[in-house]
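From a predicted model like this one, the values you see are computed outputs, not experimental measurements.
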Protein chains: 2
Amino acid sequence: MTARAKRAERRADGLSKERIVEAAIDILNSEGESALTFRALAAHLATGSGAIYWHVANKNELLAATANAVIARVMTDVVGDAEPREAIRAIAVGVFDAIDAHPWVGAQLSSEPWQTAILQIFEGIGGQLQALGVPERAQFDSASVLVSYVLGLAGQYAAGARLLPPETERSDFLATVAAQVDPAEYPFVHQVATQLREHDDREQFLAGIDLILAGIKTVR
Amino acid sequence: MTARAKRAERRADGLSKERIVEAAIDILNSEGESALTFRALAAHLATGSGAIYWHVANKNELLAATANAVIARVMTDVVGDAEPREAIRAIAVGVFDAIDAHPWVGAQLSSEPWQTAILQIFEGIGGQLQALGVPERAQFDSASVLVSYVLGLAGQYAAGARLLPPETERSDFLATVAAQVDPAEYPFVHQVATQLREHDDREQFLAGIDLILAGIKTVR
DNA sequence: ACCTGAACACCGTTCAAGT
DNA sequence: ACCTGAACACCGTTCAAGT
C-alpha cells in the first residue's frame, strides 16, 4: 500500500512505531495474547500508556503491525531463485512455521483481510504461479485457493496451540480427540483421528499444498 | 463429542442454554459482535447477568455454542441424496453462505479447532470423499484441504464484511484496493484486483473447490 | 512535537443474598 | 436448583497538563 519507509530522524531513546511493535512482539511471544495490554506495553517501554497512542492509532492497528512485521521477515527470508513449485512450497512452509512459532499471528491474519501481510503472501504466490505458466484466467483462483488454505490450516493449528498447554504433544492431542469423539456420530473423524496419531503437521500441510498444485496443473 | 441431548424438564419461562444461545444469535445478527455483552444479553432475556453463568461457563463457550448452532442448521439442511461431488459443493456453499450471513461465525470457527461445528463439517466432507472413492490414505489430507480452504476463504470474506460499512459493494471494495495498492510493489495483486472488479464471490469460491477436487482426483 | 498518567466508560466474571 | 444485581478487577482510550 505505497508504504515508502521514510528514513529520517529517530533518536535512539525516543519512542517509535518500530520500537513499539518490537516490544509488542516480545510480550506476545513470551507471555501470550492476553498479556498484551497497553499498560504492560507502556511498562515494558518505560513510558505512559497514552504515549503509545501518539504512534499507533489503536490496538487493532498494533496487532496488524505485529503480524505484518513477522510475515515481512518470512517473505524476505524466502525469496530465492528456486523454481516456482519449490518457491511456492517455501512460502507456504515459511508462513506455516511463522504461525506455528507465533500463534497470535494466525488469529490476526484470519481477522483482517487485505492487510499488508496477506498482500505480501498473495503477491509472492501469485508471482510464482505466473512463472509456473498457469493461464491468466486461472491465476486468481489458484492463488486464492493456496492463500486461503495456508491461512485456514495454519490458523487452525495456531488456535489449537493457543488452547493447549504448551507441553502437550500433538499426538497426545489427537489421541484425546479420537477418544472423545463419538464413533457413531462422527465415524470419519474417529477413523482418521485414530490412524493419525503420529502424523507430522508440517508434512501433512505440504501434502495439501501438493494436492492443490496438482489441481492447478489440470487447468490448461 | 457424545452430546446426547437430554430431552427433559424445561419450563417455558425458565432460562436454558438454548434460549441464551438464541438470544445471543439475535444480538450478533442485528447489532454485531461488539454488541454482545453479558449485560446486553441479560437485558434481552430480562434477567441478571450472573444468571447466564448458571447455563454457560463463559463468553468463549457462548460464542462456540452460537457458531455450533448456526453450522448445525447448515449441515442438517444440506443432507440429501446428491452424488458425492455435488454434496461436497453443497456443504461448502452452505458453510460459505452461513458465514456470509453471519460474519461472526467466521471469526469463531477460525479461532477454535475441534469444536463441534468443525467436526461436523469435517465429517460431512469426509464421508462424501469416501463415497467418491478417494483412497483411504488420501482421505485425511483431502478433507483437511477442503475444510481449511472453506474456513480460510470464508473467514477472509467475513473479516472483510465486518470491516466494511454494510452498504459497500464488493466491487467497490476491490476497486478501492486496486487503487491503493502500489503496482510496483504488488504487481500481481494490482493486476488481479483490477481485472476482478465484477467477479462473484460465490462463484470464485466454488471454482476453488473444483480446483481442489481436480487435485484430489489425481490421487490414485 | 511528544510524553505523562490520572480519569472515564465499559467489560467479563464472581458471589453473597435471595427464592 | 436457579436467579439477582451489586461489586471487583481489568481493559482500551482520552485528555489536560507538562516538557
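- Per the geometry, CG belonging to Leu45(A) stands 15 Å off C1' belonging to dG5(C), to the nearest Å.
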### Task
Using the side chain to side chain donor-acceptor pair (under 3.5 Å) rule, take Gln204(A) and Ser144(B) through it: C-alpha gap first, then chi angles, then the decisive distance, then the call.
CA-CA 9 Å; Gln204(A) 188 232 317; Ser144(B) 162; 2.8 Å; yes

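- In this structure, Ala24(A) and Leu62(A) approach most closely via the heavy-atom pair CB-CD1, 4.1 Å.
- A 3.5 Å limit on both hydrogen-bonding distances identifies dA1(D) as the Watson-Crick or G-U partner of dT19(C).
- Not one side-chain nitrogen or oxygen of Trp54(B) sits closer than 4.0 Å to the OP1 or OP2 atom of dC3(D).
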### Message
One pair to check against side-chain contact (heavy atoms from CB on, under 4.5 Å): Tyr149(B) and Ile212(B). What are the steps and the verdict?
### Response
CA-CA 9 Å; Tyr149(B) 170 65; Ile212(B) 297 172; 3.7 Å; yes

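- Summary of the strand contacts: Ile52(A) and Ala57(B) both lie near DNA chain C, and taking for each the nucleotide with the nearest heavy atom, the more 5' one is attributed to Ile52(A).
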Protein-nucleotides 10-12 of chain C N/O pairs closer than 3.5 Å?
unit_1  : atom_1 : unit_2   : atom_2 : d
dG12(C) : OP1    : Lys59(B) : NZ     : 2.5
dG12(C) : OP2    : Phe38(B) : N      : 3.1
dG12(C) : N7     : Arg39(B) : NH2    : 2.7
dG12(C) : O6     : Arg39(B) : NH2    : 2.7

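- Per the geometry, CG belonging to Leu41(A) stands 14 Å off C1' belonging to dT13(D), to the nearest Å.
- Using a cutoff of 4.0 Å between basic side-chain nitrogens and carboxylate oxygens, Glu33(A) and Lys59(A) are not scored as salt-bridged.
- Aromatic rings of Tyr186(B) and Phe122(A) (six-membered ring for Trp) have centroids beyond the 6.0 Å cut-off, not under it.
- Whole-Å rounding puts the His55(B) NE2 to dT13(C) P distance at 16 Å.
- Summarising the geometry of Arg202(B) relative to Val93(B), their closest heavy-atom pair is NH2-CG1, 3.3 Å, with the distance given to 0.1 Å.
- Base-pair partner of dT14(D): dA6(C) (Watson-Crick or G-U wobble, both distances under 3.5 Å).
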